[in-house]
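Encoded as structure tokens, the structure appears first; notes follow it.
Note that the numbering runs from 1 along the sequence shown for the chain. All ligand and atom numbering here is 1-based and tracks the order in the structure.
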Amino acid sequence: ASNQMWGGRFASGPDAIMEEINASIDFDKKLYAEDIRGSIAHATMLAKQGIITESDRDAIVSGLNTIRGEIESGNFAFSRKLEDIHMNIEARLATLIGPAAGRLHTARSRNDQVALDFRLWVKAELQRTDAALTKLIAAFLDRAEEHADTVMPGFTHLQTAQPVTFGHHCMAYVEMFGRDRARVRHAIEHLDESPIGAAALAGTPYPIDRHMTASALGFREPTRNSIDTVSDRDFALEFLSVAAITAMHLSRLAEEIVIWTTPQFGFVRLSDAFSTGSSIMPQKKNPDAAELVRAKTGRINGSLIALLTVMKGLPLAYSKDMQEDKEQVFDAAESLELALAAMTGMVRDMTVRTDRMKEAAGSGFSTATDLADWLVREAGLPFREAHHVTGRAVAAAEARGCTLSELALDDLKAINPAINDGVYSVLTVEASVASRKSYGGTAPAEVRRQIAYWRERV
Ligand code: ARG
């Protein structure tokens, strides 16, 4: 039998393979609530404009509400023959209310309908992402406050560079996730236009009111061009781009947690709740959650590239290729939500091993720059020369197997006679971080100022 929705010109139904490649119901049923909400707004507008009667509207609205209940209680039979969520719902509506159901699709196409449903879903997902990012930022602010004075080694090239505070390091992530949150909010602003009423691609001869449906559905305004409206998936791509950048940040953090939890580093200990054991090695505590967060980045990047590739060659307006948008977004959304929640849990629960951090902060001649700065300030050396003198001091300490502050004053004087015992006060890791009071620097007071800035914004 031909399709009950569009089969008028067809003598027979689709091949089984056609049905399988065409049907999207297995994944787009996720859009049922948005579809019903959109249809109620559309039917309400049609009645207000005198395009359908009030009694048809009432039958449509109550039928749609019944269907929502059926889906939510698991009593709805989804059918692949009916392709997608839009036609599954419309067919059920016809069974429930009869011919009035056929009036719902007046002045509408599945092209603007799916654009609407998907936009509503992506908008809500962006709002969930905003909330999840805010929680992660709040977790970091608490840890930063707690550890504004905790000294750890800062790294470049993963080699010890200069002492920093753990609070300062946490605040670096707050900046990153703060930018992600700003990108999420921009994406919400960009997509906040209602597609419904663009119809198939050209608009409609019926006297519809697109401003009415836009405001009923919580959009700022209707989209301006009907062709663009049904061709556009930028909102999905923006979600995926934001998700990919956020996942990249999460992955860098996950990588640091993996490094920090090794016995060799030992900077943090994950809670039992966020680690796993080994089935053979009894001593092991593995950072699986961090590793999986790092790995989810691959799926999210893949989704972004997949949809960019689907879209890149499409002529205007709608092509069925665009049906491939949803699984990418759904999968990326699920991965991102999980990764954000797992990371928030890890950050909240992890034990920070301040003793290990401090010990490591003092190794690797991390205060060498402080010695060079002292020579500039106290002995009037040009920085380049101070750098050279300090390099010789590092070599001497390395030869003796000691730290810079363990070098005898005579040894330092032999390298440069201008050095006096005032130098020792700048060679401790605490003095080093306290001295870096420049705006955005690692001094505890400056880190506390950064925390206060962000506290006001979450
Ligand atoms: N299932 C389709 C999708 O997800 C809905 C739109 C179909 N429109 C069409 N003209 N075939 O994109």
Let me check something: any side-chain donor-acceptor pairs from residues 69-79 under 3.5 Å, sequence neighbours excluded? List them with distances.
{"unit_1": "Glu70", "atom_1": "OE1", "unit_2": "Arg92", "atom_2": "NE", "d": "2.9"}
{"unit_1": "Glu70", "atom_1": "OE2", "unit_2": "Arg92", "atom_2": "NE", "d": "3.4"}
{"unit_1": "Glu70", "atom_1": "OE2", "unit_2": "Arg92", "atom_2": "NH2", "d": "2.7"}
{"unit_1": "Glu72", "atom_1": "OE2", "unit_2": "Tyr32", "atom_2": "OH", "d": "2.6"}
{"unit_1": "Ser73", "atom_1": "OG", "unit_2": "Gly69", "atom_2": "O", "d": "2.8"}
{"unit_1": "Ser73", "atom_1": "OG", "unit_2": "Glu70", "atom_2": "O", "d": "3.3"}
{"unit_1": "Ser73", "atom_1": "OG", "unit_2": "Asn75", "atom_2": "ND2", "d": "3.0"}
{"unit_1": "Ser79", "atom_1": "OG", "unit_2": "Lys81", "atom_2": "N", "d": "3.1"}
{"unit_1": "Ser79", "atom_1": "OG", "unit_2": "Leu82", "atom_2": "N", "d": "3.3"}

May I have every N or O pair linking ligand 1 to the protein at under 3.5 Å, one per line with atom names and distance?
{"unit_1": "ligand 1", "atom_1": "1 (N)", "unit_2": "Ser24", "atom_2": "OG", "d": "3.3"}
{"unit_1": "ligand 1", "atom_1": "1 (N)", "unit_2": "Asp84", "atom_2": "OD2", "d": "2.9"}
{"unit_1": "ligand 1", "atom_1": "1 (N)", "unit_2": "Gln323", "atom_2": "OE1", "d": "2.7"}
{"unit_1": "ligand 1", "atom_1": "4 (O)", "unit_2": "Lys326", "atom_2": "NZ", "d": "2.6"}
{"unit_1": "ligand 1", "atom_1": "8 (N)", "unit_2": "Asn111", "atom_2": "OD1", "d": "2.9"}
{"unit_1": "ligand 1", "atom_1": "10 (N)", "unit_2": "Asn111", "atom_2": "OD1", "d": "3.0"}
{"unit_1": "ligand 1", "atom_1": "12 (O)", "unit_2": "Tyr318", "atom_2": "OH", "d": "2.6"}

Can you give me every donor-acceptor pair (side chain of residues 197-209, partner residue at least two apart or in another chain, under 3.5 Å) with its distance?
{"unit_1": "Thr204", "atom_1": "OG1", "unit_2": "Tyr206", "atom_2": "N", "d": "3.2"}
{"unit_1": "Asp209", "atom_1": "OD1", "unit_2": "His211", "atom_2": "N", "d": "3.0"}
{"unit_1": "Asp209", "atom_1": "OD1", "unit_2": "Met212", "atom_2": "N", "d": "3.0"}

Qualifying residues under side chain to side chain contact (heavy atoms under 4.5 Å, CB included), relative to Asp130, sequence neighbours excluded: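 For Asp130 the side chain to side chain contact (heavy atoms under 4.5 Å, CB included) partners, ignoring immediate neighbours, are Thr134, Arg181, Val184, Arg185.
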Quick one: do the Gln113 and His42 side chains pair a donor with an acceptor below 3.5 Å?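 Note: Gln113 and His42 side chains miss the donor-acceptor criterion.
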Flag if over 12 foreign heavy atoms under 6.0 Å of NZ, Lys285: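 Check passes, neighbour count above 12.
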For Arg252, look at atom CZ and say whether over 12 heavy atoms of other residues, nucleotides or ligands are found less than 6.0 Å away.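 Count not over threshold, so no.
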